[in-house]
Amino acid sequence: MTADAALLAQFTALDTAAVSDALDGLGLPPGQGGLRPMWGRPKVAGFARTIELEPLTGEHGGAHILTGTIAEAGPLDVVVVANGGRTDVSSWGGIVSVGASVRGVRGVITDGACRDVGQARELGFPVYARAQIPATARGRLRQKSAGEPITVGVVTVNPGDVVLADEGGVVVVPRERAAEVLKAAQAVADREAAIEAEVRAGVPLPQAMRDARLAGKEDK
C-alpha cells in the first residue's frame, strides 16, 4: 500500500464528525451538511479532483462537462464539482458515473443536484449532492474550470485536498495539513470511544462527558 493510500485508509476509518472537530480545534473550516449520499450509506475518502461549472449562454459544441477530469482521475480520487448549490439542473448523471466507476474513482461530491441515481446505485458508485432532478445539464451548464481551487458551500477545495464524505456530511482537509488533522481526529475518536465505554458501564453522563475532556484538555 502506498503512503497516499494508507493516509486515505486512516481517514476512512474515521467519521466526518471526528474530523470536523479536529479541523475546528486547529482553526480550520469545519465540516458542512446538506451534501447527502443519494443512495445507501457509503463513506468515501479521496484526493479532490476539482471542477467548476457555470450557466451556459449560447451554443456549446465541445466535450461534455466533467469528461476530461474523469478521464484523468484514478482510484485515489474523489471528483468535487462546484455548481453554486443549484438544484434546478443536474450537474452529475449516469453516464459520467459509469465513466468514473470504470476509472476506479471513489465517488463524487457535487454542490448542486444530480440525476440517474439508480444507475449510480447499481454501479455501487457513491454520489453526494444537494438534491435530485431529471433536468439535464446540456444546454444549461458549461465547464468554467478544472483542476483549480473551487468553493463548495462555504469551504474552499484545492486540487489534492483530502475529502471525506459520509451520511453525516462532508469535510475538506488541506493536503499540506492532512497528517496533522488525522492525528487530531484520531485523538478525538479515541476520547469519544472512552467516554462512550464509561457511559455504557454506568458512569453518569455529566461526569463522563465534560467539555474540557471532549476538547482534549485533560487526561480523563
Side-chain angles (χ1 to χ4, degrees), residues 1-26 28-51 66 69-70 72-82 92 96-97 99-112 114 117 120-121 123-130 146-147 149-193:
M1 182 183 291
T2 66
D4 283 347
L7 176 72
L8 295 180
Q10 291 178 88
F11 271 106
T12 304
L14 299 166
D15 59 34
T16 53
V19 178
S20 179
D21 286 357
L23 290 165
D24 253 340
L26 293 169
L28 296 168
Q32 57 184 318
L35 292 159
R36 300 175 292 104
M38 293 290 101
W39 61 266
R41 298 168 61 187
K43 178 191 288 187
V44 296
F47 299 115
R49 288 274 187 165
T50 59
I51 301 170
L66 314 171
T69 294
I70 292 169
E72 296 173 355
L76 297 182
D77 296 330
V78 171
V79 176
V80 185
V81 182
W92 187 271
V96 288
S97 286
S101 179
V102 167
R103 293 289 300 168
V105 174
R106 296 186 170 207
V108 62
I109 299 164
T110 182
D111 188 12
C114 68
V117 171
R121 182 176 61 245
L123 291 164
F125 184 74
V127 176
Y128 292 78
R130 297 199 182 277
I150 60 174
T151 300
V152 172
V154 297
V155 177
T156 297
V157 185
N158 291 290
D161 283 350
V162 176
V163 181
L164 173 67
D166 60 20
E167 61 184 325
V170 173
V171 290
V172 178
V173 179
R175 181 67 182 86
E176 67 275 10
R177 300 189 68 177
E180 180 186 10
V181 173
L182 176 63
K183 182 178 179 181
Q186 289 170 333
V188 169
D190 289 346
R191 286 195 298 272
E192 293 192 347

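Starting from 1, each residue takes its place in the sequence as its number. Please read all numbers here as calculations on a predicted model, not as lab measurements.
Side-chain N or O atoms of Asp24 include none that pairs as donor or acceptor with a backbone N or O of Pro30 at under 3.5 Å. In this structure, the side chain of Arg106 engages the main chain of Pro75 through a donor-acceptor pair within 3.5 Å. No donor-acceptor pair closer than 3.5 Å links the side chain of Gln186 to the backbone N or O of Gln10. For the pair Lys43 (side chain) and Leu14 (backbone), a donor-acceptor distance under 3.5 Å is present.
Contacts of Val117 classified as side-chain contact (heavy atoms from CB on, under 4.5 Å), with partners at least two apart in sequence or in another chain: Met38, Trp39, Cys114, Arg121, Gln132. Take Ala100 and apply the side-chain contact (heavy atoms from CB on, under 4.5 Å) test, not counting sequence neighbours, and it matches Ile70, Trp92, Val105, Phe125. Partners of Ala165 according to the side-chain contact (heavy atoms from CB on, under 4.5 Å) rule, which considers only residues two or more places apart in sequence or in another chain, are Val44, Ile109, Tyr128, Val170. Legend: residues meeting side-chain contact (heavy atoms from CB on, under 4.5 Å) with Glu72, ordered by chain and number and at least two apart, are Arg49.
Atoms CG and CD1, on Asp111 and Ile51 in that order, are 13.0 Å from each other to the nearest 0.5 Å. Note that CZ of Arg36 and CD of Glu167 are 12.0 Å apart. Values are rounded to the nearest 0.5 Å. One distance of note links CG of Leu76 with CG of Leu8; it measures 6.0 Å at 0.5 Å rounding. Here the OG-CG distance, from Ser101 to Leu123, works out to 4.5 Å after rounding to the nearest 0.5 Å. Expressed to the nearest 0.5 Å, how far CG of Leu35 lies from CG of Asp166 amounts to 12.0 Å.
Within the structure, salt bridge (charged side-chain N to carboxylate O under 4.0 Å, His left out) pairs that include any residue of residues 176-186 comprise Arg177-Glu180 (at least two apart or interchain). Legend: salt bridge (charged side-chain N to carboxylate O under 4.0 Å, His left out) pairs involving residues 4-23, not counting sequence neighbours, sorted by first then second residue: Asp4-Arg175.
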Verdict with reasoning, Phe47 to Val162, per side chain to side chain contact (heavy atoms under 4.5 Å, CB included): CA-CA 5 Å; Phe47 299 115; Val162 176; 3.7 Å; yes
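The two atoms that bring Ala48 and Asn158 nearest to each other are CB-O, 3.8 Å, heavy atoms only. When every heavy atom of Ala178 is checked against every heavy atom of Val173, the shortest pair comes out as CA-CG1, 3.7 Å.
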